[in-house]
Amino acid sequence: MEDTNDKKPTPQPDIPATFLKPYSPEETETKLYELWESSGYFNPDVCVEKGVTAADAEPYSIVLPPPNVTGTLHMGSALMLAIEDILVRHARMSGKKTLWVPGTDSAAIATQARVEKDIQKSEGKSRHELGREELLKRIDAFVEENKSTMLAQMRAIGASLDWSRYAYTMDDSRYDAVMEAFVRMYEAGLIYRGNRIVNWDPKGQTTISDDEIVYEERKAKLYTFKYGKDFPISISSTRPETKVGDTAVAVHPEDPRYKEYVGKEYDVVFCDVPLHIKVVADASVDKEFGTGALGVTPAHSQIDWEIADRHDLPRPQVISEYAKMTVPGRLSGMKVAEAREAVVAWLREEGLLEKDEDIMQNVSTAERTGGVIEPLPKLQWWVDVDKPFTIAESKIPGIASASSLSLKELMTKVAEGGGVTFVSERFEKTYLHWAKNLRPWCISRQIWFGHRIPVWYREDAMKVQVDSPGDGWEQDPDVLDTWFSSALWTMTTLGWPEETEDLKEYHPTTLIETGYDILFFWVARMILMSGFFLGEVPFKTIYLHGLVRDGQGRKISKSLGNNIDPVDMASKYGMDAVRISLIMGMAPGTDSRISEDKIRGYKHFANKLWNITRFVLTAVGDSDLERVQGEEVLHAELSSLVMTVDRHFAEYRIDLAADAIYHFIWHRFADEIIEESKPILQSGGDAALARQKTLATILTTCLKLLHPFMPYVTEAVWQSAPTLRQGERDILMVAKWPTT
RNA sequence: GCGCGGUUAGCUCAGCUGGUAGAGCAUCACAUUGACAUUGUGGGGGUCGUAGGUUCAAGUCCUGCACCGCGCACCA
């Protein structure tokens with residue numbers, strides 16, 4: 001260090017100068033990542049070529065859940081990268097043929113919404129003023145900029161990803177694969193175009209899937225009223241404005257109050273709109289709710305649409321895509337909220353309102369825009385999850401080749417038959433519950449950024465194919481739900497639809513590791529796609545991690561200002577400290593907490609290891625330890641530590657593995673073994689020599705065990721202290737995992 | 001409404017197939033120029049949410065209840 005030493009110079013033994021000052025992450029991290037990357041060892045092919053991995057070694061593969069290109073990495077992404085990097089480094093050191101595929105996700109809606117918002121702010125223009133082509137150009141520029149930042153961040157975290165296999169959801173090869181998938185599923189009859197009730201987001205001006213809905217509990221008023229003075233039945237509704245779209249009143253078939261009216265038809269004028277209402281009996285009606293009679297609005301309610309199906313009712317649309325009334329009369333052009341008040345006022349005037357009561361109601365909102373969902377009938381593209389198809393060749397337990405089943409059944413059987421294992425069993429229940437209640441999946445989106453639907457129209461003709469059929473054919477303007485392409489991710493990153501070596505070698509992948517919040521969006525749908533196209537599961541094990549919360553257990557959010565930037569923290573405390581503090585105390589599937597204090601604590605640990613090294617190197621000096629025997633007892637103890645760590649790895653309890661290593665290093669090795677060693681070393685002779693050997697062996701083993709968790713500091717030690725390598729490779733990342 | 005978690009020291013959590021409570025942080029006291037003050041040693045602190053049950057023995061198994069969190073459904 002720079003402070004001039006005017007005290008007597010302590011006699012420095014012959015150890016590398018780098019250990020004479022505290023560990024400095026900022027000086028080492030970038031260099032070490034470059035060392036790893038340029039070594040080529042992130043790529044399993046290179047590992048085989050250079051003899052690090054046996055050619056016939058067991059493959060171990062993980063496909064990185066591609067982060068959205070909408071911004072920068074947050075603590076959640078850092079946690080994900082840390083967990084996966086730990087597993088991957090452990091697998092690589094254990095001699096497996098280890099592949100971790102990097103990627104980024106275009107995140108269609110999220111990205112377009114973000115860019116549109118920016119343009120609206122800076123230029124005051126909407127996307128329609130800009131035009132499709134120009135908007136896409138702007139989005140591409142935005143994406144390119146973010147991508148490079150994000151890739152740099154992934155490197156900073158230390159992720160040992162094989163960059164030679166990097167994929168982006170919208171690159172050419174992925175794009176083509178998505179088109180191919182759509183066409184094949186269409187040809188199998190599992191994708192169809194249909195007019196059904198969709199979840200329409202008036203704010204985002206697009207449909208969204210059931211899973212993209214967020215329910216918000218709000219206070220609402222339930223009004224009870226009649227359509228007109230001469231109408232015999234009262235109904236209840238929280239949305240009286242929709243009643244101008246009613247074509248029936250449904251009652252329970254066994255409700256004695258209404259039996260006499262079933263089958264009768266009435267004409268009324270409701271708020272200036274003439275209605276023709278038929279009374280129908282339908283078992284889906286709950287006799288106990290409200291008046292026991294349900295005003296049926298087929299075009300603006302999912303269940304009403306289904307009732308209309310059963311009773312062959314007309315389905316007039318009375319609300320537009322802009323959530324405005326399309327009926328003539330006083331409501332014409334009003335927004336739904338205004339119309340509601342206007343209808344209530346009219347009901348009061350007419351003396352038709354019988355009751356209004358406060359109730360709590362779940363309002364459906366769009367996850368991305370927060371817009372209140374307006375159910376509307378629309379002609380959209382759907383994945384049919386109920387229609388049986390024939391699975392040509394099945395490698396899934398419980399599903400026979402050439403058998404016939406629906407996608408829903410496929411998804412259920414994969415879990416029930418043990419085709420995949422959930423690290424936390426409880427998620428299997430959640431998954432199964434979801435799979436069994438699955439409804440058609442709406443996959444078309446009315447936005448511009450994304451994989452455009454490969455369907456072509458000319459007059460009344462329609463063709464489903466990847467390339468344009470020729471002049472005069474117009475491509476469907478819609479793009480696919482971003483999760484449709486994501487669902488193919490394990491396959492497309494490995495080369496599908498080509499039958500590549502990678503696909504053969506690494507698919508099914510060993511493990512999917514992602515947040516539990518995208519179990520349905522993504523994990524379940526990968527099972528769907530992989531099952532349909534390949535007859536196999538996309539991954540053998542499902543590891544779901546929880547949310548990263550702040551020190552007080554609050555969700556990380558912009559409004560709270562409690563975001564902790566992983567790269568920021570790393571520049572203060574080192575990335576090793578960030579990584580290990582993210583996974584310490586984090587049981588799989590449960591939310592975890594991160595705070596600056598915790599990270600600071602683990603910086604101390606990195607330095608502790610540094611100082612241990614300094615002590616050991618000093619103790620060993622220039623002794624030749626090659627032929628020296630260490631002490632049995634301590635070696636047995638070390639073995640038992642390795643066994644504990646292995647067991648935790650086998651159970652995916654990397655938090656416990658890290659804990660075991662941490663405690664051994666600090667509280668056993670440093671606090672006890674090193675302290676006990678001081679007199680032994682001073683006494684000299686064979687005992688001292690044996691102890692030197694023991695200390696070196698313990699440290700070497702600790703470096704290896706700790707490497708997956710804290711790759712930088714351990715590699716820094718390995719690089720600076722060749723004496724500790726004991727004949728192994730000069731890069732710790734590819735050293736052999738300790739055996740017991 | 002259905003389901004899933006959780007409830008153990010001030011805080012964050014661990015306690016596997018049941019044998020009478022552990023760690024880290026925090027706190028208090030003491031020590032040390034030591035490989036390391038990014039330190040060490042020691043102490044205090046818990047009737048393991050609640051009421052029952054099974055058992056020779058229950059944080060640990062079973063049942064009910066309460067509270068917190070989450071998912072799904074309903075949403076007339």
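Chain identifiers are assigned alphabetically (A, B, ...) following the order of the sequence lines, protein sequences preceding nucleic acid strands; residue numbering begins at 1 within each chain.
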* Where does the angle between the aromatic ring planes of A/Phe231 and A/Tyr227 fall among parallel (under 30°), tilted (30 to 60°) and perpendicular (over 60°)? ->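 A/Phe231 vs A/Tyr227 ring planes: perpendicular.
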Tell me, please, which residues at least two apart from [X] pass side chain to side chain donor-acceptor pair (under 3.5 Å).
X: A/Glu354; value: A/Ser234
X: A/Thr224; value: A/Ser236
X: A/Tyr602; value: none
X: A/Tyr431; value: none

Classify the nucleic acid contact of [X] as base, sugar-phosphate or nothing, counting any heavy atom under 4.0 Å across all strands shown.
X: A/Ile235; result: nothing
X: A/Lys678; result: base
X: A/Ala670; result: base
X: A/Ile674; result: base

Distance between the [atom1] atoms of [N] and [M], in whole angstroms?
N: B/rC61; M: B/rG19; atom1: P; value: 11 Å
N: B/rG64; M: B/rA23; atom1: P; value: 35 Å
N: B/rG69; M: B/rU54; atom1: C1'; value: 31 Å
N: B/rG49; M: B/rU55; atom1: C1'; value: 23 Å
N: B/rU39; M: B/rU33; atom1: C1'; value: 11 Å
N: B/rG52; M: B/rG15; atom1: P; value: 28 Å
N: B/rG1; M: B/rC62; atom1: P; value: 24 Å
N: B/rG45; M: B/rC36; atom1: C1'; value: 30 Å

I want to verify a distance call: between [options], whose nearest atom is closest to the [X] side chain?
X: A/Asn607; options: B/rG5, B/rC36, B/rU41; answer: B/rC36
X: A/Pro22; options: B/rC4, B/rA76, B/rU38; answer: B/rU38
X: A/His667; options: B/rU39, B/rA35, B/rG24; answer: B/rG24
X: A/Glu675; options: B/rC75, B/rG15, B/rA35; answer: B/rA35
X: A/Phe615; options: B/rU39, B/rC4, B/rA35; answer: B/rA35
X: A/Ala587; options: B/rA14, B/rG40, B/rC4; answer: B/rA14

* Is the base of B/rG59 syn or anti, where syn means the angle lies within 90° of 0? ->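 Syn.
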* **RNA chain B contacts among residues 275-291 of chain A, heavy-atom distance under 4.0 Å** =>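 Going residue by residue through residues 275-291 of chain A, the ones with a heavy atom under 4.0 Å of RNA chain B turn out to be A/Ser284, A/Val285, A/Asp286, A/Phe289.
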* So what stems show up for RNA chain B if we need 3 or more Watson-Crick or G-U pairs in a row, all under 3.5 Å? ->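 Stems for RNA chain B, defined as runs of 3 or more consecutive pairs: B:1-7 with B:66-72, B:10-13 with B:22-25, B:27-31 with B:39-43, B:49-53 with B:61-65.
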[N] [atom2] sits how many Å from [X] [atom1], rounded?
X: A/Asp671; N: B/rA35; atom1: CG; atom2: P; answer: 14 Å
X: A/Tyr652; N: B/rC16; atom1: OH; atom2: P; answer: 22 Å
X: A/Glu672; N: B/rU39; atom1: CD; atom2: P; answer: 17 Å
X: A/His648; N: B/rC16; atom1: NE2; atom2: C1'; answer: 10 Å
X: A/Ile307; N: B/rA76; atom1: CD1; atom2: P; answer: 11 Å
X: A/Arg653; N: B/rG15; atom1: CZ; atom2: C1'; answer: 11 Å
X: A/Phe422; N: B/rC4; atom1: CZ; atom2: P; answer: 16 Å
X: A/His604; N: B/rA37; atom1: NE2; atom2: C1'; answer: 10 Å

* Establish whether the base of B/rC4 is bridged to the side chain of A/Lys429 by a donor-acceptor pair shorter than 3.5 Å. =>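 Such a pair does not exist between side chain and base.
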* Between A/Lys243 and A/Thr297, do the side chains contain an N or O donor and an N or O acceptor separated by less than 3.5 Å? ->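 The criterion, which ignores hydrogens and geometry beyond distance, is satisfied for A/Thr297 and A/Lys243.
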With 3.5 Å as the limit, what N/O pairs link the protein to nucleotides 67-74 of chain B?
{"unit_1": "B/rA73", "atom_1": "N6", "unit_2": "A/Asn362", "atom_2": "ND2", "d": "3.1"}
{"unit_1": "B/rC74", "atom_1": "N3", "unit_2": "A/Asn362", "atom_2": "ND2", "d": "3.3"}
{"unit_1": "B/rC74", "atom_1": "N4", "unit_2": "A/Asn362", "atom_2": "ND2", "d": "2.2"}

* Could you tell me whether A/Arg525 and A/Asp211 make a salt bridge, using a distance below 4.0 angstrom between a side-chain N and a carboxylate O? =>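 Yes.
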* **Which residues share a salt bridge (charged side-chain N to carboxylate O under 4.0 Å, His left out) with A/Asp386, sequence neighbours left out** =>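 A/Asp386: salt bridge (charged side-chain N to carboxylate O under 4.0 Å, His left out) contacts with A/Lys408.
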* For A/Lys572, enumerate each residue passing the salt bridge (charged side-chain N to carboxylate O under 4.0 Å, His left out) test, keeping only those at least two apart in sequence or located in another chain. =>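 Checked A/Lys572 against salt bridge (charged side-chain N to carboxylate O under 4.0 Å, His left out); matches are A/Glu596.
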* **Residues forming a ring pair (Phe, Tyr, Trp, His ring centres under 6.0 Å) with A/Tyr23, sequence neighbours excluded** =>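 Testing A/Tyr23 for ring pair (Phe, Tyr, Trp, His ring centres under 6.0 Å), a comparison that skips the adjacent residues, returns A/Trp610.
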* Residues two or more places apart in sequence or in another chain: which of them pass ring pair (Phe, Tyr, Trp, His ring centres under 6.0 Å) with A/His433? ->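 A/His433 satisfies ring pair (Phe, Tyr, Trp, His ring centres under 6.0 Å) with no other residue.
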* Partner of A/Lys221 under side chain to side chain contact (heavy atoms under 4.5 Å, CB included), chosen from A/Asp358, A/Thr238, A/Val344 ->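 Result: among A/Asp358, A/Thr238, A/Val344, A/Asp358 is the only option passing the side chain to side chain contact (heavy atoms under 4.5 Å, CB included) with A/Lys221.
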* Asked: Between A/Phe649 and A/Phe709, is the gap from one ring center to the other below 6.0 Å?
  ->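 Yes, they do, as the ring centres are separated by less than 6.0 Å.
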* Asked: Should A/Thr238 be listed as having a side-chain N or O under 4.0 Å from OP1 or OP2 of B/rA76?
  ->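 Looking at the OP1 and OP2 atoms of B/rA76, one of them is under 4.0 Å from a side-chain N or O of A/Thr238.
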* Asked: A/His276: what forms a side chain to side chain contact (heavy atoms under 4.5 Å, CB included) with it, not counting sequence neighbours?
  ->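 For A/His276 the side chain to side chain contact (heavy atoms under 4.5 Å, CB included) partners, ignoring immediate neighbours, are A/Glu265, A/Asp267.
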* Asked: Mapping A/Ile359 and A/Phe669 to their closest nucleotides on RNA chain B, which lands nearer the 5' end?
  ->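 The residue whose closest nucleotide sits nearer the 5' end is A/Phe669.
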